[in-house]
Amino acid sequence: MNNSSLNEGAGSTDAKGQPDLSVELAPSHSLGLLLKNPVMVASGTFGYDGYGRGIPQDMDFSQLGAVIPKTFTRYPREGNPEPRWYPESFRVAREIGEPVMLNAIGLTNPGIEAGVVEVAPQWGRWDATMFLSMSGESVGQFGDMAAMTRGASGFSAIELNLSCPNVEQGDLFSYNAEGTYKAVDAVKRHAEVPVLAKLAPNVPDIVPIARAAVEAGADALTISNTIPAMTIDVDSRHPVLGNVTGGLSGQGLHPVAVALVYRAAQAVNVPIIGVGGVFTATDALEFILAGATAVQVGSANLADLWAPFNVLDGIRSYLGERGISDIKELIGAVEI
């Protein structure tokens, strides 16, 4: 990624002498998308239901870069059969030191209509920068959903979950460049706000897919989603998930996602958001050094609601201890 535009003004500090943590996710969009810092809450991990249930009142999400509640689909979905998690909770995973986690939620949600009319307008109570996540089963659905977001309130960007069933082609949109291009293009034709394309990790080469998303107009890329995975209880001989297979997340996904971010950052000239196994500031900084402009905290957020804030504090400390005055100095700064 060419960071020349992002590095303009690097070396500045705020009025209190603190490092500048602000990042821009949509420099070419007319609205822009300036975040106060690079730490975001990943979609599906915002509270117990993905939409903020169970969040303590003393959590100030305005201190984070952004929050992305759970994905909306065109129509309501009940989701997959139980059990949907392995281990049974992310808190248990943390306690036993399990580096990988599986989930098969199935995008349980009330549908995009309820999302934009009833749910998103309430997000203002968090006083945070909110993004809307959506997923379609066809190119037409993506276009229709984007059109339904016009004039809606409560969010300043749309993240496209492209790792979803594609009934027109029989695979996932982000599994190939053509599907990715068509989905992003359909949304960009209608969306008023910046569009982020969230890509899948299990592809032969992330580069042509990332390029296709950018060519279609994606303002930024989110890399990556979970990896298909399966675990079997050898005593019962049954899969541990009700859906048989699920998505692997957690620390085991992290080095895979870092490599994908690095590869994509060499090929495209839009901001990249790194997601996958961010539990500490070190994890986040790896993504940034590999070329990410921002990061998302997912599984760690479900294990500890304070995880994003801890990651942010760690990043701030890292910069302060090393006399780095601007986070943008680290974007893509890995030395090869």
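Using modelled atom types, no side-chain atom of D304 and backbone atom of N301 make a donor-acceptor pair closer than 3.5 Å. In terms of modelled atom types and a separation under 3.5 Å, the side chain of S249 and the main chain of T226 share no donor-acceptor contact. Checked by atom type and distance alone, the side chain of D283 pairs as donor or acceptor with a backbone atom of F279 at under 3.5 Å. Between the side chain of T180 and the backbone N or O of F173, at least one donor-acceptor pair lies under 3.5 Å. A donor-acceptor pair under 3.5 Å links the side-chain atoms of N109 to the main chain of L107, judged by distance alone. Under a 3.5 Å cut-off, the side chain of K36 and the backbone N or O of Q63 do not form any donor-acceptor pair. The main-chain N or O of L302 is never found under 3.5 Å from a side-chain atom of T45 such that the two would form a donor-acceptor pair. Side chain of K328 to main chain of S22: a donor-acceptor pair is present (N/O by atom type, distance under 3.5 Å, no hydrogens or angles). In this structure, E159 contributes its side chain and M134 its backbone to no donor-acceptor pair below 3.5 Å. For the pair D233 (side chain) and R237 (backbone), a donor-acceptor distance under 3.5 Å is absent.
Under the 4.5 Å side-chain contact rule for hydrophobic residues, I206 and F287 share a cluster. V214 and Y181 are members of different hydrophobic clusters when ILVMFWY side chains are connected at heavy-atom separations under 4.5 Å. Linking Ile, Leu, Val, Met, Phe, Trp and Tyr residues whenever their side-chain heavy atoms come within less than 4.5 Å places I272 and L196 in a single cluster. If you chain together hydrophobic residues whose side chains sit under 4.5 Å apart, L34 and V67 never meet in one group. In this structure, L253 is not a member of the same hydrophobic cluster as M230, with clusters built from ILVMFWY side-chain heavy atoms closer than 4.5 Å.
Between E24 and L33 the shortest side-chain heavy-atom distance falls below 4.5 Å. By the 4.5 Å heavy-atom criterion applied to side chains, R125 and Q122 are counted as neighbours. Residues L312 and L64 have side chains in contact (heavy-atom distance under 4.5 Å, counting atoms from C-beta outward). Contact check for L305 versus P56: side-chain heavy atoms found under the 4.5 Å cut-off. For the pair D313 and R316, the minimum side-chain heavy-atom distance is below 4.5 Å. Looking only at side-chain heavy atoms (C-beta outward), L162 and K198 stay at 4.5 Å or farther from each other. Residues V278 and E286 are not in side-chain contact: their nearest non-hydrogen atoms beyond the backbone lie 4.5 Å or more apart. In this structure, the side chains of Y262 and I336 come closer than 4.5 Å at one or more pairs of heavy atoms.
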Please set out all donor-acceptor pairs under 3.5 angstrom arising from side-chain atoms of residues 139-154, sequence neighbours excluded.
{"residue": "Q141", "atom": "OE1", "partner": "E137", "partner atom": "N", "Å": "3.0"}
{"residue": "T149", "atom": "OG1", "partner": "A146", "partner atom": "O", "Å": "2.6"}
{"residue": "R150", "atom": "NH1", "partner": "H190", "partner atom": "O", "Å": "2.7"}

Extract all donor-acceptor atom pairs below 3.5 Å that involve side chains of residues 114-121 and protein atoms in other chains or at least two apart in sequence.
none

inquiry  = What verdict does the side-chain contact (heavy atoms from CB on, under 4.5 Å) test give for I273 and L221, after you've listed the backbone C-alpha separation in whole Å, the side-chain angles of each residue and the deciding distance to 0.1 Å?
reply    = CA-CA 6 Å; I273 302 160; L221 304 178; over 6 Å; no

key: Trace of the side-chain contact (heavy atoms from CB on, under 4.5 Å) decision for D219 with S28   = CA-CA 7 Å; D219 297 288; S28 61; 4.0 Å; yes

task = Evaluate the criterion side-chain contact (heavy atoms from CB on, under 4.5 Å) for residue pair F61 and F309; output intermediate values, then yes/no.
result = CA-CA 9 Å; F61 286 95; F309 300 91; 4.1 Å; yes

request  = Walk me through it: do F46 and W126 pass the test ring-ring contact (aromatic ring centres under 6.0 Å, His included)?
outcome  = CA-CA 12 Å; F46 184 49; W126 300 111; 5.1 Å; yes

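For E82, the CD atom sits in a packed shell: over 12 heavy atoms of surrounding residues, nucleotides or ligands are nearer than 6.0 Å. Heavy atoms of other residues, nucleotides or ligands lying less than 6.0 angstrom from CD of E113 number 12 at most.
Using a 4.0 Å cut-off between charged side-chain N and carboxylate O, E215 and R211 make no salt bridge. Salt-bridge formation is not detected for the pair D185/K182: no Lys NZ or Arg NE/NH1/NH2 atom is positioned less than 4.0 Å from an Asp or Glu carboxylate oxygen.
Each of N161, T71, T222 was scored for a side-chain hydrogen bond (donor to acceptor under 3.5 Å, both in side chains) with S133, with one residue passing: T71.
Ring geometry, F72 versus Y51: the interplanar angle falls under 30°, so the pair is classed parallel (tilted spans 30 to 60°).
What you find for P69 and M130 is that their closest heavy atoms are CG-CE, 3.6 Å. A pairwise comparison of heavy atoms in S224 and P201 identifies OG-CB, 3.5 Å as the closest pair.
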